[in-house]
Each structure stands twice: as C-alpha cells, then as structure tokens.
Amino acid sequence: MAVRLTLLVSLTNLLTTIVSSRMIERAGRRALLLTAQLGMAASAFFVVLATHAGLGPIFVVVALMLFVGSFGVGLGSIPWLILPELVPAYAVGPAASYCTAINWGFSFVVALILPTVIGLLGYDIFVLFGVFLLGFAALTRAFVPETKGLTPEEVALRNGFQ
C-alpha cells in the first residue's frame with residue numbers, strides 16, 4: 001500500500017506541475033502562488049479534521065493529495081521561475097544559490113523530523129503547517145508583485161527595484 005501511495009503522490013505532483021506550467025502566463029505567478037498556499041492551508045486543516053472526525057484513511061489520503069496537488073500548482077515550481085524576474089541580473093546567481101540552500105535545508109529538516117513529530121503529535125502538526133501557509137499567503141499578497149507579461153526591467157521599474 002505504501003508504494004501505491006508514494007506513486008500517487010508523485011503522479012499528483014507531476015500532473016499538477018504540468019498544469020501549472022500551462023497556466024502560468026494566463027493566471028499569473030502571484031495568483032498561482034496564492035492559490036497554492038491557500039489550497040495547501042485548507043488541505044492541512046482538512047487532514048486534521050479528517051483524523052479528528054474519524055472520517056477514515058481515505059479522507060486523509062484525499063486531503064494529503066490535495067495538499068501535494070496544491071504544492072504542485074504553485075510552490076513546487078513558481079519560486080524557481082519568479083526569482084530571476086524579481087532580482088537584478090547581476091544578483092540572480094547569488095540569490096538563486098542562497099534560496100536553493102535555504103529551500104533544501106528546510107526541506108531536509110522537515111523530512112527528517114516530520115515522521116517523529118507525527119508519531120508524537122499525530123496529524124495535528126498540520127494545524128501548524130496551515131497557520132504558516134496562511135501567513136505565507138498574507139506575505140505573498142503584500143510583497144510579491146505580479147510579473148505576468150512583464151520583462152524583468154518592467155518589474156523593476158513598477159516596483160521601485162534598483
């Protein structure tokens with residue numbers, strides 16, 4: 001069963017990433033980021049609800065697939081695509097290096113401790129994920145400009161970047 005679920009997670013992530021790549025110019029990067037963050041937050045709360053309400057494992061699996069699918073729509077690919085649009089060309093290399101190190105570092109920490117935390121707290125840990133994701137959505141809404149259809153120079157001019 002674990003192998004099937006792993007395949008389902010991978011397939012869900014792949015398909016939603018493909019959908020995102022087809023929608024990015026129409027919907028916009030910021031809109032997809034917000035959709036992903038809010039979808040992941042809702043899914044995280046649904047995981048907790050499903051476990052506390054005793055809805056059964058199928059509902060937890062559905063909630064987790066919605067979580068992964070929401071990730072694939074926005075947070076899986078868009079941060080890598082939007083970075084060069086938000087920083088000057090001379091800073092793209094260093095910025096990408098720092099962002100990659102931070103991303104992989106935190107991914108490693110989460111992957112390392114999540115099984116233990118779930119063992120200790122159960123799926124209630126997803127409440128914390130949901131709260132963080134709502135906070136990230138608020139920050140995205142406040143600080144991430146829409147870059148759809150703009151050149152990096154136009155983004156810089158619009159947002160007062162030097």
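Note that this is a predicted model, so its numbers are computed, not measured. Values reported hereafter were calculated over all heavy atoms of this structure, with side chains retained and with hydrogens, waters and symmetry mates removed. For the single chain, residues carry numbers from 1 onward in sequence order.
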Please say whether more than 12 non-hydrogen atoms of neighbouring residues, nucleotides or ligands are located less than 6.0 Å from CZ in F45.
yes
Minimum-distance pair of heavy atoms, taken over all atoms of V60 and A50
CG2-CB, 3.9 Å
Please report the interatomic distance OG(S10) to CG(L15), rounded to the nearest 0.5 Å.
10.5 Å
Answer yes or no: is there a donor N or O on one side and an acceptor on the other, between the side chain of K148 and the main chain of R26, under 3.5 Å?
yes
If only atom types and distance count, is the side chain of R30 paired as donor or acceptor with the main-chain N or O of T147 below 3.5 Å?
no
For a quick test of your reading: what N or O donor-acceptor pairs under 3.5 Å do the side chains of residues 61-80 make, sequence neighbours left out?
{"unit_1": "S70", "atom_1": "OG", "unit_2": "L66", "atom_2": "O", "d": "2.9"}
{"unit_1": "W80", "atom_1": "NE1", "unit_2": "G76", "atom_2": "O", "d": "3.4"}

Heavy-atom closest contact (L81 atom, I24 atom, distance)
CD1-CD1, 3.6 Å
Is there a path of hydrophobic side-chain contacts, each under 4.5 Å between heavy atoms of I/L/V/M/F/W/Y residues, joining L55 to I58?
yes
Look only at the side chain of S21 and the backbone of I18, and say whether a donor-acceptor pair between them is shorter than 3.5 Å.
yes
For residues 111-139, which side-chain donor-acceptor pairs fall under 3.5 Å, sequence neighbours excluded?
{"unit_1": "D124", "atom_1": "OD1", "unit_2": "H52", "atom_2": "NE2", "d": "2.5"}
{"unit_1": "D124", "atom_1": "OD2", "unit_2": "H52", "atom_2": "NE2", "d": "3.4"}

A31 versus A27, closest heavy-atom pair with distance:
CB-O, 3.4 Å
Flag, side chain of T12 to backbone of L8, donor-acceptor distance under 3.5 Å
yes
From T17 atom OG1 to N13 atom CG, the distance as rounded to the nearest 0.5 Å:
4.5 Å
Does one hydrophobic cluster hold both F59 and L49, with members joined at side-chain heavy-atom distances below 4.5 Å?
yes
dist R141:CZ -> Q37:CD (nearest 0.5 Å) comes out at 12.0 Å
Answer yes if L32 and V155 sit in the same cluster of Ile, Leu, Val, Met, Phe, Trp and Tyr residues linked by side chain heavy atoms under 4.5 Å apart, and no otherwise.
yes
Separation between CE of M23 and OG1 of T35, rounded to the nearest 0.5 Å
7.0 Å
